[in-house]
Amino acid sequence: MRLAAEVALSHISKHREELCGDAARVVKTPHDTTIILSDGLGSGVKANIMATLTTEIASGLLKRQVAIEHVISTIADTLPTCKVRGLAYSTLAILQIKDDGSASLFEYDTPPALLFRRDRLVPIERRQRQICGRNVSEAAFNLDEGDVMLMVTDGVVHAGVGASFDLGLGEDGLLHFLGAPCSTWSTAEQLADFTITLADACYQSVPGDDCSVAAVRIRKPQTVRVMTGPPLDPANDDEIVSALFADSRAKRVVCGGTTAQIVSRVIGEEIETSIEYLDPRVPPIAMLPRIDLTTEGVLTLNRCYEILRSAVEGEEIPREQDGATALARTLWNAEEVVFLVGRSFNQAHANLEDLMQLAPRQHAIAKIVKLLEKRSIRVELKYY
Amino acid sequence: MPVITVELCAGTACHVMGAHALNVLLKKMAPQLRKTIKVKMVQCLGNCGQGPNVRIEGTLYSRVTTERLLELIKHHISQE
């Protein structure tokens with residue numbers, strides 16, 4: 001059975017530092033997902049540079065299908081060591097999960113990653129290796145659907161040291177507050193956010209160190225079906241809506257006001273539109289029974305493209321709930337996306353698109369597709 | 001006290017032409033006036049070239065500004 005790794009990253013910077021001295025990257029290929037986490041020595045700009053260099057070198061090599069051992073040795077060989085303290089300028093943890101559930105973990109000078117299965121901590125057997133003079137711990141194990149993994153930097157483990165706790169939160173404290181990580185949180189995002197909030201609370205909102213979390217949840221691959229735009233021939237309304245509902249396990253997204261009205265009429269459900277403008281750049285979302293997300297069309301798709309473009313460059317997708325961010329997050333976390341695109345065109349939008357320099361619907365979708373394919377998400381386009 | 005229904009179009013064209021400002025106006029309205037209206041957002045009022053569109057008690061109004069919206073609401077309340 002094919003499995004997918006849903007990954008979420010969260011971080012807070014040390015108090016009064018503009019940049020976080022930790023860096024994290026997620027590299028997805030068609031058959032695996034790799035999470036890279038690095039903690040730069042110290043904090044601030046210098047630490048950020050070292051951590052970013054580490055994760056960028058690692059992710060660049062991994063994208064070129066270089067084996068993890070060579071990635072580690074390249075980084076160990078490349079990155080300097082502090083002559084005074086004898087410490088490497090950055091730590092490194094790499095977790096690679098293949099779509100058959102097999103996982104490889106390499107850790108250099110980081111808190112050990114945690115694996116939870118049915119809410120119980122599962123010990124990971126590690127062996128120590130010397131790679132280019134650095135002591136690296138290595139593990140190989142298998143993951144099942146429902147398993148949860150947590151990787152943190154030492155800012156989390158030492159959260160609250162000297163204040164809330166004498167010796168900091170510690171792994172025991174972290175395990176205590178996590179409770180039942182597999183069943184309490186249904187998404188990796190919720191777990192990552194909880195862990196960072198916990199660390200921040202331990203520091204009493206004055207973080208004494210940068211804190212980063214990578215949460216991973218193993219699940220079945222997720223398909224998202226997106227219907228946008230009315231069909232050229234209204235006689236095809238039923239056909240396109242049927243295609244939207246073709247896969248009972250897929251998430252269903254509707255982008256467009258007229259599109260939503262078509263779906264509403266065909267499935268016989270009422271649309272209720274939110275009165276809240278969570279982001280003034282995009283119209284509010286709507287609620288339609290049996291549809292997971294209902295947004296406006298062109299403006300939302302254009303804004304979604306901007307968010308995904310930042311995500312491709314390594315920025316985290318914000319946690320906001322407006323239509324564009326919710327759409328971006330839904331697409332970004334999918335393994336397969338099917339776009340059902342109606343070719344009908346609203347003449348009233350033509351002048352607006354020129355005025356606002358917006359890409360027309362089909363062009364915006366084509367740009368989004370290119371970004372999704374960079375993340376190895378399978379995309380299918382069907383036109384009506 | 002009579003309550004009138006005010007429907008704002010949340011469609012693309014109306015949003016670009018200023019529907020958000022109308023939404024903000026309705027939220028910041030004086031409480032005594034706010035109590036007399038029920039605000040709903042609707043997907044599309046089918047008049048995209050003349051936005052922003054508002055429908056009050058079933059009557060469609062086009063190219064509505066914030067000042068005009070206030071006048072229209074007061075007009076409809078006075079009619080009730």
Side-chain angles (χ1 to χ4, degrees), chain A residues 227-230 254-265 269-288 291 294-304 322-324 344-361 364, chain B residues 3-66 69-70 72-73 76-77:
Chain A
M227 177 178 159
T228 180
V254 171
C255 293
T258 309
T259 313
Q261 287 173 334
I262 291 170
V263 176
S264 163
R265 174 176 48 78
E269 300 280 7
E270 293 283 321
I271 307 170
E272 195 185 318
T273 307
S274 169
I275 61 169
E276 296 300 330
Y277 275 82
L278 297 173
D279 181 343
R281 287 172 289 193
V282 294
I285 60 171
M287 277 65 72
L288 190 53
I291 302 295
T294 307
T295 74
E296 174 268 350
V298 166
L299 295 166
T300 302
L301 287 166
N302 275 269
R303 177 74 191 123
C304 172
D322 62 274
S344 190
F345 173 69
N346 187 337
Q347 194 56 45
H349 291 179
N351 292 337
L352 292 175
E353 282 159 7
D354 283 339
L355 181 73
M356 304 284 292
Q357 297 186 329
L358 293 170
R361 186 196 310 271
Chain B
V3 174
I4 59 166
T5 300
V6 177
E7 295 170 290
L8 291 188
C9 181
T12 306
C14 288
H15 178 83
V16 170
M17 297 309 288
H20 177 237
L22 303 183
N23 181 281
V24 170
L25 170 76
L26 292 174
K27 285 214 176 82
K28 292 188 173 173
M29 210 172 251
Q32 304 93 299
L33 195 54
R34 185 66 179 84
K35 276 191 291 197
T36 64
I37 61 170
K38 180 181 170 184
V39 178
K40 283 180 74 176
M41 301 295 294
V42 293
Q43 285 297 302
C44 183
L45 287 171
N47 194 27
C48 301
Q50 311 278 327
N53 294 292
V54 180
R55 188 165 59 198
I56 304 176
E57 289 291 295
T59 305
L60 181 68
Y61 298 97
S62 308
R63 301 196 193 279
V64 177
T65 61
T66 46
L69 179 58
L70 218 42
L72 288 169
I73 289 171
H76 275 269
I77 289 169

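Treat the numbers as computed from the prediction; the structure is a model and nothing was measured. Labels below follow one simple rule: chain letters A, B, ... track the order of the sequence lines, proteins then strands, and each chain is numbered from 1.
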Inset, instruction - Return yes when atom CD of A/Gln261 has more than 12 non-hydrogen atoms of other residues, nucleotides or ligands closer than 6.0 Å, and no otherwise. - result: yes
Inset, instruction - Considering non-hydrogen atoms only, spot the tightest contact between B/Met41 and A/Ser274 and give its length. - result: CG-O, 3.1 Å
Legend entry - Proximity breakdown for A/Ser264 and chain B, heavy-atom pairs closer than 4.5 Å: neither
Inset, instruction - Looking only at non-hydrogen atoms, find the nearest pair between B/Ala10 and A/Glu296 and report the distance. - result: O-CG, 4.4 Å
Legend entry - For chain B, the option from A/Thr300, A/Ile275, A/Thr294, A/Thr258 that forms the most heavy-atom pairs under 4.5 Å: A/Ile275
Legend entry - Sorted by number, residues from residues 21-32 of chain B in contact with chain A (heavy atoms, under 4.5 Å): B/Asn23, B/Lys27
Legend entry - Side chain / backbone / both / neither for A/Glu272 at chain B, heavy atoms under 4.5 Å: neither
Inset, instruction - Over all heavy atoms of both residues, which pair between A/Gly257 and B/Gln43 is shortest? Give the atoms and the distance, please. - result: CA-OE1, 3.1 Å
Legend entry - A/Pro280 backbone acceptor or donor facing B/His15 side chain under 3.5 Å: yes
